[in-house]
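Scroll down for the structure; my scribbles are underneath it.
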Amino acid sequence: MITGTCLCGAVKLRINGGLHQPRYCHCGNCRKFAGSSPAAWALANAAELQHESAEGGVIKYNSGRGLRCFCGNCGGPVWFESLDFPEIVAVPLGIIDAGDVPSPTMHLWTDSKPSWCILDDSLDKHPQGPP
Ligand SMILES: [Zn+2]
Ligand SMILES: [Zn+2]
């Protein structure tokens with residue numbers, strides 16, 4: 001089991017399963033949402049995501065291909081709901097507090113990478129989305 005919380009702790013999430021396909025994303029939407037680049041994410045089965053929230057709940061913003069979900073109290077990112085693949089959610093690795101978190105194995109959307117972000121690792125790099 002994997003657990004995480006937003007910055008203020010009002011949103012608590014639990015994943016009753018594993019995190020898959022961990023990646024660094026350099027796309028412009030992730031950069032703006034995270035306030036940094038890259039953003040580290042992994043995928044989970046939507047049916048395995050449970051959450052509870054207080055103080056403002058979870059707000060969902062449609063960034064185009066999916067819903068960017070964040071805490072209504074502190075604004076911290078909590079998960080992403082894909083419109084193309086509703087059975088999948090993406091979870092930002094930085095909010096995980098306990099459980100097995102896999103290290104990202106690839107960079108996505110490097111075509112959109114800001115110039116100040118230097119990549120000097122040996123991970124697979126994809127100019128756009130996953131192959
Ligand atoms: Zn919060
Ligand atoms: Zn992205």
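In each ligand, atom 1 is the first atom listed, and ligand 1 is the first ligand listed.
Ring geometry for Phe33 against Phe70 counts as perpendicular: the plane angle is over 60°, on a 0 to 90° scale with 30° as the lower cut. Relative ring orientation between Tyr24 and His107 is described as parallel, the plane-to-plane angle staying below 30° on a 0-90° scale split at 30° and 60°.
For Cys30 atom SG and Cys25 atom SG, the angle they make at the Zn ion (ligand 2) is roughly 120°, to 10 degrees. Expressed to the nearest 10°, the angle at the Zn ion (ligand 1) joining SG in Cys74 with SG in Cys8 is 110°.
Leu13 pairs in a side-chain contact (heavy atoms from CB on, under 4.5 Å) with only one of the listed residues (Thr3, Asp97, Ile95), which is Ile95.
When distances to the Zn ion (ligand 2) are checked against a cut-off of 2.8 Å, Cys27 contributes an N, O or S atom below that limit.
If you take CD1 on Ile88 and CD on Glu81, they are separated by 12.0 Å, rounding to the nearest 0.5 Å.
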